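Side chains included, hydrogens not; waters and symmetry mates left out as well; all remaining heavy atoms used. No experiment lies behind these values; they were computed from the predicted model shown.
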Amino acid sequence: LLFARPALSDVPCGVELQLQVPVGGNVMSIGLSQPIDHNTLEERQCAIVNSGYEGIIVLGCNEGTLNATTTGCFPRRCPTYGSLSVRIGQVALAVSPLATIDSGGGGGGGGGSRSRSKR
């Protein structure tokens, strides 16, 4: 005796699917830029949720359900090619770090704060 069994087909994810994605205290609804197949991933920039962060959000499709991973997001760093203008009196100079500085601290290349003892 044979029974007909319908073949299971993988359910894709469409652009209409949205997720509330948290990054560094901000939450934003994001979705896919284009439809993707089951077991397919799409990468999005963490900065679209929180401009103070860099890295990648990974959106995934599992049988028509969208999911997101934000473990690739981290606070934005200050790179050596970034500069800002500093004015002291009539003199203005562009300054940039000698080494990349991690968010919230010194970059280990002499860019941290220094303490001085009183004599």
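Remark: the backbone N or O of His38 is not paired with any side-chain donor or acceptor of Asp10 at under 3.5 angstrom. Listed for the Arg76 side chain is no donor-acceptor partner under 3.5 Å among the backbone atoms of Asp102.
A distance of 12.0 Å separates SG of Cys46 from CG of Asn26, quoted to the nearest 0.5 Å. If you take CG on Leu59 and OG1 on Thr40, they are separated by 12.0 Å, rounding to the nearest 0.5 Å. Here the CD1 atom belonging to Ile30 is positioned 12.5 Å from the CG atom belonging to Leu17, to the nearest 0.5 angstrom.
When all heavy atoms are compared, the tightest approach of Gly31 to Glu42 is O-OE2, 4.3 Å. Across Ser33 and Arg44, no two heavy atoms sit closer than the pair N-NH1, 4.0 Å. Across every non-hydrogen atom of Asp37 and Cys61, the tightest pair is O-CB, 3.5 Å. When all heavy atoms of Gln20 and Val27 are compared, the closest pair comes out as OE1-CG1, 3.4 Å.
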Intermediate values then yes/no, side chain to side chain contact (heavy atoms under 4.5 Å, CB included), Val21 and Ile57:
CA-CA 9 Å; Val21 178; Ile57 298 167; 4.1 Å; yes
Candidate pair Cys78 and Thr100, rule side chain to side chain contact (heavy atoms under 4.5 Å, CB included), full reasoning:
CA-CA 6 Å; Cys78 297; Thr100 298; over 6 Å; no
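Listed by first and then second residue, the side-chain hydrogen bond (donor to acceptor under 3.5 Å, both in side chains) pairs that reach into residues 52-74 are Glu54-Arg77, sequence neighbours excluded.
No continuous path of ILVMFWY side-chain contacts below 4.5 Å connects Leu41 to Val15, so the two sit in separate hydrophobic clusters. Side-chain heavy atoms closer than 4.5 Å link hydrophobic residues (I, L, V, M, F, W, Y) into clusters, and following such links, possibly through other members, connects Met28 to Leu32. No continuous path of hydrophobic side-chain contacts links Val11 to Ile36 [ILVMFWY only; heavy atoms under 4.5 Å].
The neighbour count for Ile88 CD1, taken as heavy atoms of other residues, nucleotides or ligands under 6.0 Å away, does not exceed 12.
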